[in-house]
Protein chains: 2
Amino acid sequence: MMNEDSAPSDGGLPIAAVERETGISKDLLRMWERRYGFPQPARDAAGDRLYSAAQVGKLKQVRRLMDLGFRPGKLVGQSMAQLEALAQVHTPARVVPDVCAGLIDALSGHDALAVRELLRHRLFELGLRRFVGDFLAVANPLVGEAWMRGELRVYEEHLYSEEVKRVLRETLAGIPAGLQSPRVMLTTCPGEQHLIGLLMVEALLRLAGCDAIAFGTQMPLTDIASAAHKHRVDVVVLSFSASYEASPQTDVAVLDTLLPDGIEVWLGGAGCRGLKRLPARATLLTLDQLDACVSGWRERQPPAIAV
Amino acid sequence: MMNEDSAPSDGGLPIAAVERETGISKDLLRMWERRYGFPQPARDAAGDRLYSAAQVGKLKQVRRLMDLGFRPGKLVGQSMAQLEALAQVHTPARVVPDVCAGLIDALSGHDALAVRELLRHRLFELGLRRFVGDFLAVANPLVGEAWMRGELRVYEEHLYSEEVKRVLRETLAGIPAGLQSPRVMLTTCPGEQHLIGLLMVEALLRLAGCDAIAFGTQMPLTDIASAAHKHRVDVVVLSFSASYEASPQTDVAVLDTLLPDGIEVWLGGAGCRGLKRLPARATLLTLDQLDACVSGWRERQPPAIAV
DNA sequence: GTCAAATACTTGTCCTGTACAAAAATGAAA
DNA sequence: TTTCATTTTTGTACAGGACAAGTATTTGAC
């Protein structure tokens, strides 16, 4: 067991810390070292790895570029400057749509208040449905790309997502809970900590009059199943972000065996791209298909039960 | 690489899924298997482990009891029933204080709306400061203990924390952002996903007129440092829950080397118990010391700058 | 030349087994 | 009873091998 306390002042970060900072597993860090010779961390007295800040920084950059589709073998050999250039080139600044004007500036200006005001302004201007469907649907990837290009720092992206969550929750508080069917529960699978997509769906479901129950993120699959049963929900909504590590495919297959019959599963988010061979009860959908999906569900119900 | 898709329908869960479901690392799962003979998962065609639902359930129960102070060696040999009995005995139902009356019932009644109403009622009855300091400070551990005893399911605890977050955020939205010093940023270290403590602190700071900036959870330490610098904050508040896996000690030590001089670090939460040898800039505090801490900070500032 | 199938390469995760340091428990002395 | 030293327990680190899934590249038919 490495001595965690010896690390900070001097050499660098132990491997567990690097895993948490970069999201790259210990196994993989060791494998890259073996295969590519990078990163080649120093060692402490006990022979445990100690990664320098520079190595951790490069690892983060490599990881970003991998999310863009690059393979690690091509990346690890490059210098930090080359990697940054690569990120620049491959996420060309898109034309910022009018609705998002000023957003990136507000974020990089380190002014939390300005960001919040901007979001609120858009919300009142567009109304909740279009705020979600037109503004957030555009702004979220825009912020992600700006971060890829290095125009935004991690903490600025954190600030953005925190303020979006805040504004959405404030607003949801003002909408009386719908009581119509379908009764929907919202959550994410373990490891998926992105809540924004879930809140966006919740907003639209509330507007459609559905009885939506939010359970937050990261519910173990067995608990999703029993909660769905106990709360007598009709639909389980799961959101998968692009950075979801595990396989939505597997999650859905497991849930299919755990869930009682008659409960549907609706999946959304960038992490669902390329999903196939879904169980019969599962549906893949985008935000703008949600209303249609709710209507469709209502039509499928026996008239006696439908509201 | 195991075939994740073959698992769900038949035998059980692959080791990565069990790690995510139980929070027990792969390394440790294999170590327990070798040392204690439990869990002893089936194997797929490739020789990869496949854990049954029963094994995963027992692992979760073992983990709960370990949080109560039991050692794994004493636990793994016991049957599921014995483990449940143990949990019953060692978390005796406390006398439920009046303020919390009805809470557990509302949660186990699977009525999200009732929970929300109860929380709102307490909030209006007590006011924000006492809601945080008197109600939540009592209710949070109460819910945790009820879960330990098996009186609440995981999803009921999820529901509780989701509704608490919701009510707190609604309320925070109504308090104009304070603009007085100190300027405080709130976040948690990577791996710490509990937000409630942070929201409670934010509420109290806002009431004290502080300029509080919330960054959400799980910021890499390097980003905490640069955000603190760029946003020109005076204090970084970190919250550590009892279930924090990594070492707050190490985190603070690392931050101490990364943060610019003059920025203080305030630590709170159950995860801080037993912390010692803190850097000079770090302070350990509980909720009820927060006001005093803010006053203390203000007094320490040169009069010219103090507000 | 174009498309599709077969082949080769790349990459992530799993495996076994070992080692060791930190934490906890135990026992001895004050 | 408290304090200190010793033993046991426990978690995390290491090395290096294996292999399947995903990706690229070549081959071959049309």
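Just so you know, these numbers use all the heavy atoms, side chains as well, and skip hydrogens, waters and symmetry mates.
Taking 4.0 angstrom as the limit, A/Tyr36 places none of its side-chain polar atoms (N or O) nearer than this to OP1 or OP2 of C/dT10. Regarding contacts with the backbone of D/dT12, every side-chain N or O of A/Arg49 stays at 4.0 angstrom or more from both OP1 and OP2. Within the 4.0 Å cut-off from OP1 or OP2 of D/dA15, at least one side-chain nitrogen or oxygen of A/Arg43 is found. At C/dC14, one or more side-chain N or O atoms of B/Lys26 fall inside 4.0 Å of OP1 or OP2 (strictly under the cut-off).
When the C1' atom of D/dC14 is taken as reference, atom CD of A/Gln40 falls 15 Å away, rounded to whole Å. Atom P of nucleotide D/dA13 and atom CG of A/Asp44 are separated by 11 Å, given to the nearest angstrom. Going from atom CG of A/Leu29 over to atom C1' of D/dC14 covers 14 Å, rounded to whole Å. Between the CG atom of B/Asp48 and the P atom of D/dC19 there is a distance of 11 Å, given to the nearest Å. One can place CZ of A/Phe38 at 15 Å from P of C/dT11, the figure rounded to the nearest angstrom. With rounding to whole Å, A/Leu75 atom CG is found 13 Å from C/dT10 atom C1'. Atom CZ in B/Arg30 sits roughly 12 Å away from atom P in C/dT13 (whole-Å rounding). Spacing between atom CH2 of B/Trp32 and atom C1' of D/dG11 amounts to 10 Å, rounded to whole angstrom units.
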Would you mind writing out the side-chain donor-acceptor pairs for residues 64-72 of chain B within the sub-3.5 Å range, not counting sequence neighbours?
residue: B/Arg64; atom: NH1; partner: B/Trp147; partner atom: O; Å: 3.1

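Between A/Asp223 and B/Tyr155, the shortest heavy-atom contact is O-CD2, 3.6 Å. The two residues B/Pro190 and A/Glu21 have their closest heavy-atom pair at CG-OE2, 4.0 Å.
Of the inter-residue distances, the one linking A/Ser243 atom OG with A/Gln193 atom CD reads 7.5 Å to the nearest 0.5 angstrom.
Remark: A/Tyr51 engages no residue in a ring pair (Phe, Tyr, Trp, His ring centres under 6.0 Å) (not counting sequence neighbours).
Residues B/His194 and B/Ser239 are not in side-chain contact: their nearest non-hydrogen atoms beyond the backbone lie 4.5 Å or more apart. The shortest distance between side-chain heavy atoms of A/Thr222 and B/Lys60 falls below 4.5 Å.
For the pair A/Lys74 and A/Gly47, both in contact range of DNA chain D, the more 5′-proximal nearest nucleotide belongs to A/Gly47. Mapped onto DNA chain C by nearest heavy atom, A/Asp27 and A/Gly73 fall at different nucleotides, with A/Gly73 at the one closer to the 5' end.
Interface residues of residues 58-72 of chain A facing DNA chain D, ordered by number: A/Arg71; criterion, heavy-atom separation under 4.0 Å.
If you check every strand for non-hydrogen atoms under 4.0 Å, B/Arg35 touches a base.
Residue side chain A/Arg34 reaches the base of D/dG17 through a donor-acceptor N/O pair under 3.5 Å, judged by distance alone.
Residue B/Ile15 has its side chain nearest to C/dC15 when only C/dA21, C/dC15, D/dC14 are considered.
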